[in-house]
Protein chains: 2
Amino acid sequence: MLKYQQTATEIEAYIEQHALQQGDKLPVLDQLIRQFAVSKTTMTKALELLERKGTIFQVRGSGIFVRKTNRKGYIELFSTQGFKQNLVEHDIQSKVLSFELIPCPEEIIENLGSAPGEMVYAIKRIRYIDGNIMCLEESYYRQTIVPYLNREIVEQSIFEYLEMALGLNIGFSDMYMHVGKLPDAVATHLELTAGDPALTVETIFHLTNGRPFDYSVITYHYEHSQFVVQANGLYL
Amino acid sequence: MLKYQQTATEIEAYIEQHALQQGDKLPVLDQLIRQFAVSKTTMTKALELLERKGTIFQVRGSGIFVRKTNRKGYIELFSTQGFKQNLVEHDIQSKVLSFELIPCPEEIIENLGSAPGEMVYAIKRIRYIDGNIMCLEESYYRQTIVPYLNREIVEQSIFEYLEMALGLNIGFSDMYMHVGKLPDAVATHLELTAGDPALTVETIFHLTNGRPFDYSVITYHYEHSQFVVQANGLYL
DNA sequence: TAGTGGTCTAGACCACAAG
DNA sequence: TTGTGGTCTAGACCACTAC
């Protein structure tokens, strides 16, 4: 683990230990540098990390303060940061509806940037959050990049397998979101009624080297999912 | 403008001028450093900015590459970065439905962290994107922080006024999103039918010093709004 | 193994906030 | 004015990729 990541983790522990609340002040920079025995740049980087993560905010000329969201029961759709493991406070289960190895469907080729006829794993899962239906997920993995998958893996966390077992480095993703009315087929899976509202998120995942390897479409159950995003900076 | 921001802007211009496409390689780090005459740290910071903004991605041991989303017509709900001015490619108009100075409503006090009885500007607007109804926005500004607003300002960009005229420094925000069925009152304003799907986003905006100054609830027109988010890192 | 991006340091100097 | 966070530099060294 890198020094600045380690430092960030230690600062989080410090906040936890001292039970600091929203708006509470941390020790000043120089103090933190001495306390954690790192250079100013490293400390700055650690703090920047925590700032993006939404853990603190820094005010020049004033100090470093704790930032917290006060609402519970919201899912972090994506943290402004990134590598934060979300949903840890929730119990996530999956039920696999289908699992196949098929030629890449026409309409998905452009999303995955795959060659015509290339094979993909096509997976359909219902995901549960704390016992409730959270979403229907349909995902497609390029076999060129993910050579092997089986039903057992797919019942667990696929991404953990990709990183741990296959050693793939997941880089970045493009997400496209829209709201609409549930089609009949999806409604059945979510145990809702056709025409009910739904948030649909299409995501294209890339490796760190930029190659797309996974395209997924997630349709969320509107009664069992709400999201929080901690943003930094202005965006109109 | 800071040097690393300036550098980032120049690199964007470089990409533009050379008409670089998704996956195209930029000059190597050392070359960029020489070319733009900055230190390695500064260049790294500029590149980090562009990476968070979704303009490039960097691969250790390999190079720096251009990243682009290929879908058009999507609104950037919030960039993973932040200060990127969104919607610039769209024509945004506002119609003010109501504009009042009132005591802070009960249910909003906790969101704004305001004192009981404190006065707030309450504004209701319909916002149009390229001539279509995009959303209904209800927002509340604390008069303690925003001493003056009028109908004319509110018809334009409020945030621009806050930053330019009042010199306020907008820091960070917490957003809460959920999907549901349109209530009758809102449906009318959006020219939709009660029960239609809707994305609702509540946002609490803070100054850089951490004080909340604006609470807003935006309900999006599901047929005229879809969003793109460029994320970095993993998030399940 | 060569090339490329990433981390880390010490220290000078700058910019903003609060009293 | 003082204290505090932010920027910038030069350079050493590390870690990954591709050949």
Side-chain angles (χ1 to χ4, degrees), chain A residues 1-11 23 25-52 56-67 82-83 145 163 167-172 206-211 232-233, chain B residues 1-11 23 25-52 56-67 82-83 145 163 167-172 206-211 232-233:
Chain A
M1 194 179 214
L2 297 169
K3 203 162 187 177
Y4 74 92
Q5 293 176 345
Q6 179 59 35
T7 305
T9 307
E10 286 172 16
I11 293 173
K25 193 169 189 281
L26 271 78
V28 301
L29 236 191
D30 283 345
Q31 168 62 22
L32 288 173
I33 289 167
R34 284 195 300 276
Q35 194 166 329
F36 295 95
V38 295
S39 75
K40 184 166 181 175
T41 313
T42 303
M43 181 53 74
T44 301
K45 211 164 176 188
L47 293 171
E48 190 192 325
L49 213 63
L50 293 174
E51 188 160 37
R52 286 215 303 275
I56 61 167
F57 63 95
Q58 301 183 73
V59 187
R60 194 198 296 231
S62 177
I64 303 163
F65 305 88
V66 172
R67 175 180 177 195
F83 53 68
I145 298 174
E163 290 208 303
L168 293 180
N169 297 310
I170 292 149
F172 54 91
H206 307 254
L207 298 178
T208 38
N209 67 14
R211 295 175 71 196
N232 297 299
Chain B
M1 193 178 214
L2 296 168
K3 202 162 185 176
Y4 73 91
Q5 293 177 345
Q6 178 58 36
T7 305
T9 307
E10 287 172 15
I11 294 172
K25 193 167 188 283
L26 271 79
V28 301
L29 236 192
D30 284 344
Q31 168 62 23
L32 289 173
I33 289 167
R34 285 194 300 276
Q35 192 165 330
F36 294 94
V38 294
S39 76
K40 183 165 182 177
T41 313
T42 302
M43 181 53 75
T44 301
K45 213 165 176 189
L47 293 171
E48 190 191 328
L49 212 64
L50 293 175
E51 187 159 39
R52 287 216 302 277
I56 60 166
F57 63 94
Q58 301 183 72
V59 188
R60 195 199 292 232
S62 176
I64 303 163
F65 306 88
V66 173
R67 176 180 175 195
F83 53 68
I145 298 174
E163 290 209 303
L168 293 180
N169 299 310
I170 293 148
F172 54 90
H206 306 255
L207 298 178
T208 38
N209 67 13
R211 295 175 69 196
N232 298 297

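Computation of the quantities below employed the complete heavy-atom set of this structure, encompassing side-chain atoms and omitting hydrogens, waters and symmetry-equivalent molecules. Below, chains carry the letters A, B, ... as their sequence lines are ordered, and counting in each starts from 1.
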Asks: Just checking, is any N or O donor in the side chain of A:Arg52 or B:Asn232 under 3.5 Å from an acceptor N or O on the other one?
Replies: no
Asks: Nearest heavy-atom pair of A:Val38 and A:Ile33: which atoms, and what distance?
Replies: O-CG2, 2.9 Å
Asks: Testing B:Glu10, B:Lys3, B:Gln6 one by one against B:Phe36 for a side-chain contact (heavy atoms from CB on, under 4.5 Å), which residue passes?
Replies: B:Glu10
Asks: Considering non-hydrogen atoms only, spot the tightest contact between B:Thr208 and B:Ile170 and give its length.
Replies: CG2-O, 4.0 Å
Asks: Tell me the interatomic distance from A:Leu26, atom CG, to D:dG3, atom C1', rounded to whole angstroms.
Replies: 17 Å
Asks: Go through the side-chain N and O atoms of A:Asn169 and B:Arg60 and say whether any donor and acceptor fall under 3.5 Å apart.
Replies: no
Asks: Take atom CZ of A:Phe65 and atom C1' of D:dG3, then tell me their distance rounded to the nearest Å.
Replies: 12 Å
Asks: What heavy-atom pair brings B:Leu168 and B:Leu207 nearest, and what distance separates the two atoms?
Replies: CB-CD2, 4.1 Å
Asks: Using a heavy-atom cut-off of under 4.0 Å over every strand shown, decide if B:Ile64 touches base, sugar-phosphate, or nothing.
Replies: sugar-phosphate
Asks: Enter the distance from B:Thr7:OG1 to B:Met1:CE here, rounded to the nearest 0.5 Å.
Replies: 9.5 Å
Asks: Distances for protein N/O vs nucleotides 17-19 of chain C N/O pairs under 3.5 angstrom?
Replies:
| from | atom 1 | to | atom 2 | distance (Å) |
| --- | --- | --- | --- | --- |
| C:dA17 | O4' | A:Arg60 | O | 3.4 |

Asks: Closest approach of A:Gln58 and A:Glu48, non-hydrogen atoms and distance?
Replies: NE2-N, 4.1 Å
Asks: Report the distance from atom CD1 of A:Ile11 to atom P of D:dG5, rounded to the nearest whole Å.
Replies: 12 Å
Asks: Measure across B:Pro27 and B:Gln35 and return the closest heavy-atom pair with its distance rounded to 0.1 Å.
Replies: CG-OE1, 4.2 Å
Asks: Taking all atoms of both residues into account, what is the closest heavy-atom pair of B:Leu49 and B:Ala8, and its distance?
Replies: CD2-CB, 4.0 Å
Asks: Between C:dT4 and B:Gln58, is there an OP1 or OP2 to side-chain N/O distance shorter than 4.0 Å?
Replies: no
Asks: Where along residues 28-36 of chain B does a heavy atom fall under 4.0 Å from DNA chain C?
Replies: B:Val28, B:Leu29
Asks: Measure the distance from CG on B:Leu207 to P on C:dC16 and round it to the nearest whole Å.
Replies: 16 Å
Asks: Using whole Å, report how far CG of B:Leu47 lies from P of C:dT7.
Replies: 12 Å
Asks: Is the A:Phe57 ring parallel, tilted or perpendicular to the B:Phe172 ring (thresholds 30°, 60°)?
Replies: tilted
Asks: Please write out each protein N/O paired with an N/O of nucleotides 8-12 of chain C under 3.5 Å, distance rounded to 0.1 Å.
Replies:
| from | atom 1 | to | atom 2 | distance (Å) |
| --- | --- | --- | --- | --- |
| C:dC8 | OP1 | A:Lys3 | N | 2.6 |
| C:dC8 | OP2 | A:Tyr4 | N | 3.3 |
| C:dT9 | OP1 | A:Lys3 | NZ | 2.7 |
| C:dT9 | OP2 | A:Ser39 | N | 3.0 |
| C:dT9 | OP2 | A:Ser39 | OG | 2.6 |
| C:dT9 | OP2 | A:Thr42 | OG1 | 2.2 |
| C:dA10 | N6 | A:Thr41 | OG1 | 3.2 |

